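For clarity, every value in this text was computed on a predicted model and none was experimentally measured. To find a chain, count down the sequence lines: A is the first, B the second, and so on, and within it residues start at 1. For the numbers below, each heavy atom of this structure counts, side chains included, while hydrogens, waters and symmetry mates do not.
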There are 2 protein chains.
Amino acid sequence: MTDYYSSHPRFFVSVDCIIFGLKDGKLNILLTHRAFEPEMGKWSLMGGFVERDESVDDAAARVLRQLTGLDNVYMHQVGAFGRIDRDPGERVVSVAYFALLNANEADSELLRARGAQWTPVDELPELGFDHPEMIEKAREVMRRKFVTEPLAFELLPELFTLTQLQTLYELVMAQPLDKRNFRKRIAEFSCIEPTGQIDKTGSRRGARLYHYNPAVSADTFSFFKI
Amino acid sequence: MTDYYSSHPRFFVSVDCIIFGLKDGKLNILLTHRAFEPEMGKWSLMGGFVERDESVDDAAARVLRQLTGLDNVYMHQVGAFGRIDRDPGERVVSVAYFALLNANEADSELLRARGAQWTPVDELPELGFDHPEMIEKAREVMRRKFVTEPLAFELLPELFTLTQLQTLYELVMAQPLDKRNFRKRIAEFSCIEPTGQIDKTGSRRGARLYHYNPAVSADTFSFFKI
DNA sequence: TCAAAAGTGTTCAGGGTACACCCATGG
DNA sequence: CCATGGGTGTACCCTGAACACTTTTGA
C-alpha cells in the first residue's frame, strides 16, 4: 500500500494570507518586510508552512493569529498556487486565503514586532514570489462574495454610519453609488439596525450609528445587487 | 537558507479531476472504480500525484489526458483540500479541478482500460475520500462561471440545436427556462451563429444547427443573466 | 392523419436608476 | 452665519417574466 505513495515526491505546503482591513478610508492589506531568505528585503504577504498536526485551513488561521493576535476572523480560501518555480528556494505549493478584519482590533504590538504594515491596495510595493497574482485573485473572490454575503461588517467597527458602509461598498466595487438608492436598499435589511447613538467625529451634525445583527439576517439572505 | 524550509514537513500533493460531460441528456461525471488501496473497491474521482517536473495545473491536465486522451480541455481550479485525515493512507493535500468536455470525444478505449465510467450527477454512488465535498464545490463553481462565461460550448458538440443548448442551461442552473425568452436572449449573441444545416435526429421536423464562434464573442461579453 | 418537437411576439409589472434640496451643528 | 456632511422621495424606463399557437414531417 505504501508503494502507491512512495514513488511520488513530497513538497512543502504553505499558506499565504491576504489580510484586508480599513485604514484611513482606504482598503489596505497587511504586508511584511522579509528579514530572511528567500526574497529577503522584499515585501510579501504573511505566510507560513503547514505543519503535520494541522489542516491547511487551520494553518492559515494560525498564521493570522500569530500576526494579529486575533481569532475567529473571517477567512476564505482563494486557491492553490503551484507553479514549479514560484518559490526560488524550494518547491513549495501554497494555498492563499483572504481574511477580513477590523484594522483597529489587530494587536499593533505584534504587527510592529513582525515588521507588518498596513498598505493601501492601490499603493502596493513590488512584491516577491507570485504574491501579486494571489492578491489579484483574492480581490476578485472578495468582490464576488461581497455582493452576496454580509462581509462588509467584518471590516467595519461594531458601530458604523451609513456613509462608512456606503464608502466601503464603493471601495470594494470600485464604483460610485447613489446615496439615496443605497440608503433605500439598506432600509430593507432588518439586520442592519439603528442604535440610538450618534457619531459626532465625522461631521458637525453627527450621523446615526448602526450595527449589524447576524441573527436577524439569517433568514433574509442574498445581500446586495448593487 | 535551507533551514528556513528544513524544519517543516513535506506532503504528497495530488490533483483530483471532476470531469463533466453530457450523456443521454444528463450531466455526468467520470468516476473510476479503484482497483488498489487506499479505498480499494470504492468509486472515486480520477486523480494523481503532482510530480517534480510539473506545476499543479499541469498535473491536472496530465491526469485528464491520461484518462481521456484529450488535450486542450477547459479546466478550472476548484480549490485545495487539506484536512489532515482526508486520505486514510498518508497525509495528502489535494487540489481539485473541474473539466468540461464533449463526452463523445473522450477515448472510450482508454476509459474502459482505466475502469472509468460516466455517471449522472444525480445518481452518484458512495465515494471515497472527501470526493463528495469536492464534487459539491465543483458544481457550485461551475454553475457560477456558467452564467458569465461561454462554458456551455465546451460540453456541447461542435454543432448543436437551441433545444440542446437550453436543456444544458436548465441542467446546470437546475431550473426550467422559458423557450421563447431563452431564444430571444440567444438571438442577441452574434457569437452563436446558425449554420445552414439541419439536425433530423431529434425530431421529425428537424432543428437548425448552430455553432459557437469564440472570435465574435470576444468583444461582447458578460454572458447570461438567466 | 397524428404525434412530437421546432419555431415565433406581445404585454405587463417591478425594480433599478436618475435626480436636488433641506437639516443640523460646530466653529 | 456659513461650511460641511447627514438625511430624505419621486418619476421614468427598461428588462425580466408570463404566456399559446402554428409549422413541419416521418411513421
Side-chain angles (χ1 to χ4, degrees), chain A residues 22 24-26 143 146-148 152 156-157 159-190 192-211 220-226, chain B residues 22 24-26 143 146-148 152 156-157 159-190 192-211 220-226:
Chain A
L22 282 178
D24 310 322
K26 282 183 162 185
R143 193 172 313 135
F146 226 78
V147 178
T148 53
L156 291 170
L159 298 178
F160 52 87
T161 68
L162 293 186
T163 303
Q164 283 175 312
L165 184 61
Q166 179 175 345
T167 306
L168 175 53
Y169 270 94
E170 289 177 329
L171 279 177
V172 175
M173 299 297 154
Q175 59 173 328
L177 300 174
D178 181 273
K179 186 162 60 160
R180 279 177 287 191
N181 293 338
F182 184 82
R183 285 166 185 246
K184 211 186 309 169
R185 181 74 47 69
I186 293 298
E188 292 162 10
F189 292 108
S190 49
I192 302 179
E193 304 173 333
T195 64
Q197 304 169 60
I198 304 288
D199 168 53
K200 305 285 281 187
T201 63
S203 70
R204 308 205 189 291
R205 175 173 172 177
R208 287 190 257 224
L209 284 164
Y210 289 75
H211 83 116
T220 330
F221 260 54
S222 103
F223 215 59
F224 266 77
K225 322 130 197 194
I226 294 178
Chain B
L22 282 179
D24 311 321
K26 283 184 162 183
R143 193 172 314 135
F146 225 78
V147 177
T148 54
L156 291 169
L159 298 178
F160 52 87
T161 67
L162 293 186
T163 302
Q164 283 176 311
L165 184 61
Q166 178 175 347
T167 305
L168 175 52
Y169 270 93
E170 289 177 329
L171 279 178
V172 176
M173 299 297 154
Q175 59 171 328
L177 300 173
D178 180 273
K179 186 162 62 160
R180 280 176 288 190
N181 292 339
F182 183 83
R183 284 164 185 247
K184 212 184 307 168
R185 182 76 46 70
I186 293 297
E188 291 162 11
F189 293 106
S190 49
I192 302 178
E193 303 172 334
T195 64
Q197 304 169 59
I198 303 287
D199 169 53
K200 306 285 282 187
T201 63
S203 69
R204 307 204 191 293
R205 175 173 171 176
R208 286 190 259 225
L209 284 164
Y210 288 74
H211 82 114
T220 330
F221 259 56
S222 100
F223 215 60
F224 266 77
K225 321 130 198 194
I226 293 179

query: Among all residues two or more places apart in sequence or in another chain, which pass the side-chain contact (heavy atoms from CB on, under 4.5 Å) test with A/Ile198?
result: A/Lys200, A/Arg208
message: If you compare all heavy atoms of A/Ala152 against all heavy atoms of A/Leu165, which two are closest, and at what distance to 0.1 Å?
response: CB-CD1, 3.8 Å
task: Work out which heavy atom in A/Thr195 is nearest to a heavy atom in A/Leu209; give both atom names and the distance.
output: OG1-O, 2.7 Å
Return a table of donor-acceptor pairs under 3.5 angstrom between the side chains of residues 177-184 of chain A and protein atoms on other chains or two or more places apart.
residue: A/Asp178; atom: OD1; partner: A/Arg180; partner atom: N; Å: 3.0
residue: A/Asp178; atom: OD1; partner: A/Asn181; partner atom: N; Å: 2.9
residue: A/Asn181; atom: OD1; partner: A/Lys184; partner atom: NZ; Å: 3.2
residue: A/Arg183; atom: NH2; partner: A/Thr163; partner atom: OG1; Å: 3.4

Please report, rounded to the nearest Å, how far the [atom2] atom of [N] is from the [atom1] atom of [X].
X        : N      : atom1 : atom2 : result
B/Ile186 : C/dA6  : CD1   : C1'   : 15 Å
B/Asp199 : C/dG7  : CG    : P     : 10 Å
A/Leu165 : D/dG5  : CG    : P     : 19 Å
B/Arg185 : D/dT15 : CZ    : C1'   : 9 Å
B/Arg183 : C/dG9  : CZ    : P     : 12 Å
A/Gln166 : D/dG5  : CD    : P     : 14 Å
B/Glu188 : D/dG16 : CD    : C1'   : 11 Å
B/Phe182 : C/dG9  : CZ    : C1'   : 18 Å

- request: List the protein contact pattern of nucleotides 19-27 of chain C with one symbol per nucleotide (5' to 3'): B for base contact, S for sugar-phosphate-only contact, - for none; contact means a heavy-atom distance under 4.0 Å.
  value: BB--BBBB-
query: With a 4.0 Å cut-off on heavy atoms, is B/Thr163 in touch with a base, just the backbone sugar-phosphate, or nothing at all?
result: sugar-phosphate
query: Parallel, tilted or perpendicular: which fits the ring planes of A/Phe146 and A/Tyr169, with parallel below 30° and perpendicular above 60°?
result: perpendicular
query: In Å and rounded to the nearest 0.5 Å, what is the CD1 to CD1 distance from B/Ile186 to B/Ile192?
result: 4.0 Å
